Amino acid sequence: MNTYTVALAGNPNTGKSTLFNSLTGMRQHTGNWAGKTVLTAEGDCVRGGTRFRLVDLPGTYSLYSNSADEEAARDYIIFENPDCAIVVLDATSLERNLNLALQVLEMTSRVVVCINLIDEAEKLGIRIDLQTFRQRLGVPVVAISARHNRGVDALMELVEQVASGQLAPHPTVLTYGDEIEHKIGELEPLVRSALGTRYPTRWVALRLLDGDEGLLASLKKRLHDRAMPQSGKEGEIRYERTACH
Amino acid sequence: MSAPHATNTPDPLDSLLAQAQRLASGTTVRDRIVGDIYRSSRAICKAAVRYEDKRKLASTHKLDRILTSKLWGFPIMLAVLGVIFWITIAGANVPSSLLADFFGVIESYLTAGFEAVHAPAWLHGVLVLGFFRGTGWVISVMLPPMAIFFPVFALLENFGYLPRVAFNMDRLFKKSGGHGKQALTMSMGFGCNAAAILSTRIIESPRERMLAILTNNFVPCNGRWPTLILLSSLFMAAGVASGLQTLATALVVMGFVLFGIVVTLTVSWLLSKTALRGVPTHYTLELPPYRRPQIWKTILLSSRDKSWNVLKRAVIVAAPAGILTWILGNIYISGDSVLQHMAAIFEPFAHAIGLDGYIIMAFLLGLPANEIVLPILLMGYMASGAMVDADGLGNIKELFLDHGWTWLTALNMMLFSLLHYPCGTTLFNIYKETKSAKWTFLSAVIPLAIAIGVTFITAQAARALGWV
Amino acid sequence: MSNKEVALSEAETGSRLVLSRIEVDGGMRRRLLDLGFVPGNEVEVIQRSPLGDPTAFRVSNTTIALRREESSRIFGEPEGEELA
């Protein structure tokens, strides 16, 4: 049976963990990522002959390295390279939530955007035009209510299609002001020659322009680890039971 | 793990960074990047999201206007706390007695069974009087309050009230030098201090995080609620008219919690003026919209996950402790049991702080888990000769009185329980999180010193004033 | 159109402002930007804490509480009364 790794990213309080729990049937174990200080939960779910390994990333407002949990979430998406990333958005505050989705779209194209709490939004009289979202973002978009198990099947179908490569989204490239675009243009070829195309070059260039030295440190570590396959234990996850009682 | 790595050319990443820094210099790149992303978000939302009724969006604020208002913010917080305790205590009473009766009946059958097969008396003692009775009491005293408290607290948490508590109390924490989110980690401590230590990760400044870690212990965790509730109802509320006893118990427990919060703030303030000097860092607090919790799901999950886990832990630790206590209480050396000898060693010190040697022993043996302090104490008292029938909770009070308890003993045991060192699991987590033996040590010693100091003062004052 | 710039900490409860400047640096600036305190964005002053500080603000359809230390360094221009 195929196993796909699927990362769940999103703002805090978007019902990300509710979705995670309803998919994994609360069979999740809380684990510490090796070398990470921030708790990240992982659990399995089987749907229609496909196994998904779901990873509940820490809830963050952005994926710039402002804090340990933002760094952990970002490193997972960039370095662990999940087969699909679900970006969970709160339907009642889409503007800010979309901010994070746009950041993820710069990092990977294998994304399904999931607008959660659609029932709350309906109650508040918020009408969301999914088709426009799909067009503007260039990736699959579904509306769900994780707590009422609404739309979850459709979500997982899309996730499977994206993870298996059946569906290859083409996220819309976010354009910045002329000055920044110019700088990206200058830096991106240098990124490509230094790192190859293993990582999204435009995104790396942007992060470097932003002075994101934490990312560079992570990159360096990864490259050096790759140079020595013996110590290349990245991707291996060690578990530790946490004292929750 | 530094291994030989051949780099004969300058690291390409370093030159890349240098290049990036050259390009970025002198401009506010970050602002523009974020500004541009926001512009895109806004444009997309403008095209795809329609608000039918702006007024509906403000429904959360209407509630906040009351729950965090100048006039009602604090009274409502106190009332909520009081109601939770009241529900817990009132609801737990009957099932606790029923469970105790139930275990009493089972015990008599077990005893009859042991007699029927002519089992040796020591075996009956270890297994039935030590193991079974000890565990039975843990379950009947602890399970009902937990099965009520956890779900109610979880409902409140899922509703979204905790961030409002942080919003209301922020100024107090700021004044004491702590982080605003310390109110949140403190609230988590009501459930479990060990888990709350992990939750202090939401505080990014190391100094303020340490404050939150060092003071988390001053709010009672689930292992200590039963001690507080039981002793309050047996000793503090006993003089009140029977109809009001539950209410009186709830008020006493609430008083202890408020005292714990005052200690939290005071210790934070003292530490931030001394060992952990510094100014509060910046912080932002999101107040999420109120959401109607899924009532049954929350109740079932919190009963399953929390109550069950706490109970399991209590039983696993209490069972061997029960056996050990029974054995120690039944091996006699020159007329007295080992247990009595041990308790006698602590007696002078214990007396000075208004406790007795058995209580100190129970707290020492209870280091692995606060849940077992009370059971160990009960077993210690039982093993020391005073036999009681385990057919009701009322007998617990007689057992205490037989050992010379007064209201002062109860008060000081509650104070000591509230203030003393955190349990072994919590200390272990503190060590894992701080990676510092010194701070782990301090996180046990500071509360212990406060506990001893406070109980010493109350004991000496009560005696000097002739109240006991 | 009004054109008087005020700090968020001084703005009246219930008023709306369009952000103009953020005079906070470092990590906090980044956090504020991520939360939607971006020049050009609209902010509504919702409510003060019972003890006077912090204050809750509505920004990008979310409610964020800020202490005076921060809100006194974020500036905006009050919006005129909505045409009823």
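Just so it is clear, the values below take in all heavy atoms, side chains as well, and ignore hydrogens, waters and symmetry mates. To find a chain, count down the sequence lines: A is the first, B the second, and so on, and within it residues start at 1. It should be emphasised that the depicted structure is a prediction, and the values quoted were computed from it without experimental measurement.
Each of C:P39, C:G36, C:G52 has some count of heavy-atom pairs under 4.5 Å with chain B, and the biggest count is that of C:G36. Heavy-atom pairs under 4.5 Å with chain B were tallied for C:I46, C:L33, C:L32, C:I22; the largest tally goes to C:L33.
For a residue to count as touching a neighbouring chain, one of its non-hydrogen atoms must lie under 4.5 Å from one of that chain's; by this rule C:L35 touches chain B with backbone and side chain alike.
Residues C:P50 and B:G73 approach most closely at CG-CA, 4.2 Å, considering heavy atoms.
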Produce the donor-acceptor pair table for chain C versus chain B, cut-off under 3.5 Å.
{"unit_1": "C:R29", "atom_1": "NE", "unit_2": "B:D31", "atom_2": "OD1", "d": "2.9"}
{"unit_1": "C:R29", "atom_1": "NE", "unit_2": "B:D31", "atom_2": "OD2", "d": "3.1"}
{"unit_1": "C:R29", "atom_1": "NH2", "unit_2": "B:D31", "atom_2": "OD2", "d": "2.3"}
{"unit_1": "C:D34", "atom_1": "O", "unit_2": "B:Y38", "atom_2": "OH", "d": "3.1"}
{"unit_1": "C:G36", "atom_1": "N", "unit_2": "B:Y38", "atom_2": "OH", "d": "3.1"}
{"unit_1": "C:N41", "atom_1": "OD1", "unit_2": "B:R42", "atom_2": "NH1", "d": "2.7"}
{"unit_1": "C:Q47", "atom_1": "NE2", "unit_2": "B:T68", "atom_2": "O", "d": "3.4"}
{"unit_1": "C:Q47", "atom_1": "NE2", "unit_2": "B:T68", "atom_2": "OG1", "d": "3.4"}
{"unit_1": "C:S49", "atom_1": "OG", "unit_2": "B:F167", "atom_2": "O", "d": "3.1"}
{"unit_1": "C:L51", "atom_1": "O", "unit_2": "B:R171", "atom_2": "NH1", "d": "2.7"}
{"unit_1": "C:D53", "atom_1": "OD2", "unit_2": "B:K174", "atom_2": "NZ", "d": "3.0"}
{"unit_1": "C:N61", "atom_1": "ND2", "unit_2": "B:Y51", "atom_2": "OH", "d": "2.7"}
{"unit_1": "C:T63", "atom_1": "O", "unit_2": "B:L287", "atom_2": "N", "d": "2.8"}
{"unit_1": "C:T63", "atom_1": "OG1", "unit_2": "B:H61", "atom_2": "NE2", "d": "3.4"}
{"unit_1": "C:A65", "atom_1": "N", "unit_2": "B:L285", "atom_2": "O", "d": "2.6"}
{"unit_1": "C:A65", "atom_1": "O", "unit_2": "B:L285", "atom_2": "N", "d": "3.1"}
{"unit_1": "C:R67", "atom_1": "NE", "unit_2": "B:D170", "atom_2": "OD1", "d": "3.2"}
{"unit_1": "C:R67", "atom_1": "NE", "unit_2": "B:D170", "atom_2": "OD2", "d": "2.9"}
{"unit_1": "C:R67", "atom_1": "NH2", "unit_2": "B:D170", "atom_2": "OD1", "d": "3.0"}
{"unit_1": "C:E69", "atom_1": "OE1", "unit_2": "B:K174", "atom_2": "NZ", "d": "3.2"}
{"unit_1": "C:E69", "atom_1": "OE2", "unit_2": "B:K174", "atom_2": "NZ", "d": "3.3"}
{"unit_1": "C:E70", "atom_1": "OE2", "unit_2": "B:H282", "atom_2": "ND1", "d": "2.1"}

Task: Chi angles and distances behind the side chain to side chain contact (heavy atoms under 4.5 Å, CB included) call for B:L172, C:L51 - done: CA-CA 8 Å; B:L172 298 175; C:L51 300 175; 3.8 Å; yes
